[in-house]
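So the structure is just underneath, and the comments pick up after that.
All chains are named by letter (A, B, ...) in the order of the sequence lines, taking the proteins before the strands, and each is independently numbered beginning at 1.
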Amino acid sequence: MPDRARYYITSPIYYVNDAPHIGHAYTTLACDVLARFMRLDGREVRFLTGTDEHGQKVEKAAALAGMAPKDFTDKVSQNFRDLATAMNFSHDDFIRTTEERHIRACQGIWQAIAANKTPKGNANIYLGQYDGWYAVRDEAFYDEKELTTGPDGKKRAPSGAEVEWVVEPSYFFRLSDWQEWLLEYYERGNPDFIGPTTRRNEVLSFVRGGLTDLSISRTSFKWGVPVPDAPGHVMYVWLDALTNYATALGYPDPNAALFRRFWPADLHVVGKDIVRFHTVYWPAFLAAAGAEPPRRVFAHGWWTNEGQKISKSLGNVIEPHALIARYGLDPVRYFLLREVPFGQDGDFSHRAMVGRLNSDLANDLGNLAQRVLGFIAKNAGAEVPQPGAFAAVDEEILAEARGLCGRVRALLAGAPNAPEFHRALEAVWALVTKANFFVDKQAPWTLRKTDAARMSTVLYVLVEVLRHVALVLQPFMPDSMAKLLDQLAVPAAARDFASLERRLVAGTALPAPSGIFPRFLDDADR
RNA sequence: GGCGGUGUAGCUCAGGUGGUAGAGCAGAGGAAUCAUAAUCCUUGUGUCGGGGGUUCGAGUCCCUCCACCGCUACCA
């Protein structure tokens with residue numbers, strides 16, 4: 001027997017300098033849905049998220065708060081774990097870059113990189129000197145030409161962050177030697193490496209434009225992973241941060257069971273701001289260390305709030321806990337993935353949120369379940385109806401239901417632009433609409449008086465369709481679909497996708513139905 | 001400056017290899033009454049950003065211009 005197919009998916013680790021916002025929730029949500037889908041689909045899944053806790057910015061923020069860096073990060077990291085709980089994320093591991101295992105992994109990857117040669121036969125790492133304008137807030141160096149001078153006489157980066165002149169010895173990664181290797185990898189080795197296409201084009205264009213060596217150590221601060229055998233040097237935060245994906249599987253232990261099982265990652269989901277780190281530096285680091293690069297990196301877009309760019313200074317940050325409190329968790333999960341094509345920017349508005357909630361969830365799906373289950377409770381003995389021979393229309397909609405999971409699977413993992421959450425949900429709703437049409441056309445309320453056997457068959461077809469819909473939607477809205485499956489009397493052991501092959505057993509008692517998605521009423525509507 | 005992308009119904013967007021434009025939402029009308037006043041049906045005369053070209057025929061190919069967005073460079 002071959003092993004079950006495996007699936008390793010990661011969110012980025014989140015920088016603890018930031019309070020959790022909708023962007024964090026969105027990224028990890030996408031991972032969560034894929035992880036849940038793959039588990040139900042029979043794959044062995046590893047889903048990783050966590051926090052990024054090193055760097056000068058954290059060091060300074062901790063000092064400002066009058067705390068030791070570790071105490072500071074303990075506190076802020078907890079906010080992200082709370083968010084994961086509130087969003088019902090199903091990660092298998094939550095990594096923190098301040099953990100001992102991660103220090104070991106970073107030092108291990110450093111040593112592996114240092115031990116190997118570039119494709120051109122040079123040392124991967126060499127000691128040099130870095131001087132330049134550095135912005136602590138951005139963790140980045142800037143060219144003098146990019147800077148502007150503010151009214152206070154201070155120089156600022158394009159981002160608005162203050163910069164300071166820094167001269168320090170630094171170890172460099174010979175990225176310039178990896179340019180051809182990277183291009184070969186993007187174009188032939190792994191054409192699906194970067195999604196969506198627009199980001200892929202940008203990365204190719206960037207790499208074709210020429211790569212310069214990358215400074216990968218700092219001496220100006222202490223809050224980081226010490227470089228092996230180089231007193232005073234700590235690792236560049238991105239080398240540190242990216243390595244988390246390997247740490248969590250037990251790297252660099254050559255016998256680490258998880259690493260052998262799950263490496264390389266099937267998918268790194270990232271925001272579009274960190275594409276370069278994941279698609280240029282990361283595969284180069286890994287290749288230099290003699291490890292396999294990830295199979296795919298997908299970058300999603302940004303949210304605006306009621307049409308406006310979100311920023312702390314505007315004070316319009318969207319706070320996930322507030323959304324959940326107002327609309328409910330599953331409607332929020334649904335909205336985020338349904339409203340906008342994954343990869344593109346999107347707008348969050350109260351109007352759009354309520355539109356999805358009332359139209360898609362309450363009216364289309366929630367009401368479908370309620371009208372069918374309510375009818376059965378009142379007029380069909382409150383049990384799974386006994387079907388007779390299926391008519392052609394029955395077979396047609398049942399066939400569509402049976403094909404649903406396959407269509408969704410293809411959109412989430414097979415299609416060239418995968419994952420396409422919004423199209424997957426569209427596909428589910430095409431069936432929901434068809435089911436509502438089916439109810440109207442078959443009119444069980446009329447059959448009740450004229451043909452009880454036919455009524456029973458029609459109702460059976462409908463609960464079967466509902467069962468398929470509920471099973472396939474579990475990854476998106478776990479709690480709500482659990483409730484619906486309870487109402488369909490589907491046992492816990494029959495909720496994976498293998499169970500799609502089964503059928504509801506006629507005569508099984510059904511509990512009293514209650515609405516899954518109540519309509520959202522604005523104060524004005526009450 | 002270079003590379004890439006976008007511009008199609010009020011809104012959000014689909015529209016392989018060219019053949020007189022589609023979906024969802026919103027709006028209007030109707031049917032039905034099992035249901036969370038939910039559902040279902042019908043309903044769009046749109047300069048397909050502007051102009052030019054190729055073609056019997058172009059959102060769909062070519063050129064050009066305009067607007068907006070992303071990545072990136074440089075002169076200074």
- Mind telling me whether A/Trp181 and A/Tyr185 have parallel, tilted or perpendicular rings, with 30° and 60° as the class edges? parallel
- Item | B/C40 and B/A35, which share atom name C1', separated by this distance in whole Å | 13 Å
- Task: Could you tell me whether A/Leu368 contacts a base, only the sugar-phosphate backbone, or nothing, with contacts defined as non-hydrogen atoms closer than 4.0 Å?
- Result: nothing
- Message: Taking 4.0 Å as the cut-off, does a side-chain nitrogen or oxygen of A/Lys378 come that near to OP1 or OP2 on B/A35?
- Response: yes
- Message: For the P atoms, the ones on B/A14 and on B/U33, what distance do you get once it is rounded to whole angstrom?
- Response: 40 Å
- Note on the structure: Separation of B/A73 atom P from A/Leu211 atom CG, nearest Å, is 11 Å
- Query: Atom NZ of A/Lys483 and atom P of B/U36: how far apart are they, to the nearest Å?
  - Reply: 13 Å
- Query: What is the nucleic acid contact for A/Gly374, judged by heavy atoms within less than 4.0 Å: base, sugar-phosphate only, or nothing?
  - Reply: nothing
- Query: Should the ring pair A/His350 and A/Phe520 be called parallel, tilted or perpendicular, given that the plane angle runs from 0 to 90° and is split at 30 and 60?
  - Reply: perpendicular
- For B/A21 and B/C63, measure between their C1' atoms and round to the nearest Å. 25 Å
- Task: Pull up the glycosidic torsion of B/G22 and say syn or anti, syn being anything within 90° of 0.
- Result: anti
- Provide, to the nearest angstrom, the distance between the CG atom belonging to A/Asn367 and the P atom belonging to B/A32. 19 Å
- Item | OP1 or OP2 of B/A38 under 4.0 Å from side-chain N/O of A/Arg519 | yes
- Task: Nearest whole angstrom, please: distance from the C1' of B/G7 to the CD of A/Gln344.
- Result: 14 Å
- Note on the structure: Between A/Lys449 and A/Arg338, whichever has its closest RNA chain B nucleotide further toward 5' is A/Arg338
- Message: Nearest whole Å is fine: how far is B/A26 P from A/Arg351 CZ?
- Response: 9 Å
- CZ (A/Phe375) and CG (A/Leu459) are apart, to the nearest 0.5 Å, by 6.0 Å
- Message: Please give the distance between the P atoms of B/G19 and B/G52 as a whole number of Å.
- Response: 22 Å
- Message: Between B/C66 and B/G51, how far apart are the two C1' atoms, rounded to whole Å?
- Response: 10 Å
- Stacked pair A/Phe375-B/C34, distance under 5.5 Å, angle under 30°: no
- So what does A/Arg448 touch, heavy atoms closer than 4.0 Å: a base, only the sugar-phosphate, or nothing? nothing
- Query: Expressed as a whole number of Å, how far does the C1' atom of B/A38 sit from that of B/G15?
  - Reply: 32 Å
- Message: Using the C1' atom as the point on both nucleotides, what is the distance between B/A9 and B/C25, in whole Å?
- Response: 12 Å
- Roughly, in whole Å, what's the span from CG in A/Asp360 to C1' in B/G24? 9 Å
- Might you work through the side-chain hydrogen bond (donor to acceptor under 3.5 Å, both in side chains) test for A/Asn122 and A/Asp177, ending with a clear yes or no? CA-CA 8 Å; A/Asn122 297 309; A/Asp177 270 14; 2.6 Å; yes
- Message: Please classify the nucleic acid contact of A/Asp347 as base, sugar-phosphate, or nothing, using heavy-atom distances under 4.0 Å.
- Response: nothing
- Determine the interatomic distance between C1' on B/U20 and the same-named atom on B/G59; round to the nearest Å. 13 Å
- Message: Using side-chain contact (heavy atoms from CB on, under 4.5 Å), reason through A/Val297 and A/Val275 one step at a time and then give a plain yes or no.
- Response: CA-CA 8 Å; A/Val297 174; A/Val275 168; 5.8 Å; no
- Note on the structure: On RNA chain B, more 5' by nearest nucleotide between A/Phe517 and A/Asn436 is A/Phe517
- Query: Within this structure, what is the NZ-to-P distance between A/Lys434 and B/U39, rounded to whole angstrom?
  - Reply: 18 Å
- Round to the nearest Å and state the distance from A/Arg371 atom CZ to B/A37 atom P. 12 Å
- Hey, can you tell me if A/Tyr130 and A/Phe172 have their rings parallel, tilted or perpendicular (30° and 60° cut-offs)? parallel
- Task: Pick base, sugar-phosphate or nothing for A/Thr446, based on heavy-atom distances below 4.0 Å to the nucleic acid.
- Result: nothing
- Message: Of the listed nucleotides (B/G2, B/A32, B/U39), which one gets closest to any side-chain atom of A/Ser205?
- Response: B/G2
- Would you please test A/Asp345 and A/Thr304 for side-chain contact (heavy atoms from CB on, under 4.5 Å) and show each step? CA-CA 8 Å; A/Asp345 290 351; A/Thr304 51; over 6 Å; no
